[in-house]
Amino acid sequence: MSPIFDQEPVIARKTLSDFYGSHAGSKSALESWFHEVVSASWREPNDIKRRYPSADILQDNRVVFNIKGNTYRLIVKIHYNTGIVFIRFIGTHAEYDRIDATRI
């Protein structure tokens with residue numbers, strides 16, 4: 001693991017690497033998303049929508065990102081005051097359809 005990941009505001013990167021370990025086609029897209037988030041400075045949902053217009057902003061500071069052309073869905077919870085992004089779910093679109101994104 002690169003030293004840059006020791007200082008990043010994304011909790012938990014291991015969730016992403018575990019996922020792309022079993023879904024190899026997602027690795028490049030998830031790594032790109034991760035590196036963009038690391039350099040982002042999101043203070044409110046509109047900051048996210050400017051960069052990711054297709055992202056769905058949910059209650060309780062949750063955001064759903066479409067990954068790799070909507071093949072995968074990533075749900076995060078963002079603490080805007082600290083800049084920390086918590087990964088709550090990563091899965092295929094079919095798996096996403098079976099969960100409640102507002103509660104996960």
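For the numbers below, each heavy atom of this structure counts, side chains included, while hydrogens, waters and symmetry mates do not.
- In this structure Glu36 satisfies the salt bridge (Lys or Arg N to Asp or Glu O under 4.0 Å) test together with Arg51, sequence neighbours excluded.
- Evaluation of the salt bridge (Lys or Arg N to Asp or Glu O under 4.0 Å) rule for Asp100 yields no partner, not counting sequence neighbours.
- A continuous path of Ile, Leu, Val, Met, Phe, Trp and Tyr side chains, each step under 4.5 Å between heavy atoms, connects Leu30 with Tyr52, placing both in one hydrophobic cluster.
- Ile87 places a side-chain heavy atom less than 4.5 Å from the side chain of Leu16.
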Q.
Applying side-chain contact (heavy atoms from CB on, under 4.5 Å) to Asn61 and His79, what does each step give before you reach the verdict?
A. CA-CA 7 Å; Asn61 296 326; His79 289 210; 5.9 Å; no
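- Pairs passing the salt bridge (Lys or Arg N to Asp or Glu O under 4.0 Å) check and including a residue from residues 39-49, sequence neighbours excluded, read Asp47-Arg50.
- Among all heavy-atom pairs drawn from Gln59 and Thr102, the shortest one is NE2-CB, 3.6 Å.
- With sequence neighbours excluded, no residue forms a side-chain hydrogen bond (donor to acceptor under 3.5 Å, both in side chains) with Thr71.
- Judged purely by atom type and a 3.5 angstrom limit, Arg62 uses its side chain to pair as donor or acceptor with the backbone of Ile104.
- Across every non-hydrogen atom of Val64 and Arg73, the tightest pair is CG1-CD, 3.8 Å.
- To the nearest 0.5 Å, the span separating OG1 on Thr15 from CZ on Phe86 amounts to 12.0 Å.
- Follow the hydrophobic side-chain contacts under 4.5 Å out from Tyr20 and you never reach Phe89; the two are in separate clusters.
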Q: Begin with the C-alpha distance, continue with both residues' side-chain angles, and end with the deciding distance and a verdict on side-chain contact (heavy atoms from CB on, under 4.5 Å) for Ile99 and Ile75.
A: CA-CA 11 Å; Ile99 63 156; Ile75 302 173; 3.6 Å; yes
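- Residues meeting the side-chain contact (heavy atoms from CB on, under 4.5 Å) test with Ala40, sequence neighbours left out: Trp42.
- Hydrophobic clustering (ILVMFWY, side-chain heavy atoms < 4.5 Å, transitive): Val63 and Val85 are in one cluster.
- Scored by the side-chain contact (heavy atoms from CB on, under 4.5 Å) test, Ala29 finds Ile67, Lys68 as partners (sequence neighbours excluded).
- Transitive grouping of hydrophobic side chains (ILVMFWY, heavy atoms separated by less than 4.5 Å) brings Tyr80 and Leu74 into a common cluster.
- Nearest approach of Gly25 to Tyr72, heavy atoms of both residues: C-OH, 4.2 Å.
- Residues Thr92 and His23 form a side-chain contact, since some pair of their non-hydrogen atoms from C-beta on lies under 4.5 Å apart.
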Q.
Please evaluate residues Phe65 and Ile48 with respect to the criterion side-chain contact (heavy atoms from CB on, under 4.5 Å), reporting the C-alpha separation (whole Å), side-chain torsions for both, the decisive distance (0.1 Å), and the verdict.
A. CA-CA 10 Å; Phe65 292 95; Ile48 296 166; 3.9 Å; yes
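- Clustering ILVMFWY residues whenever any of their side-chain heavy atoms sit less than 4.5 angstrom apart, transitively, puts Ile57 in the very cluster that holds Val76.
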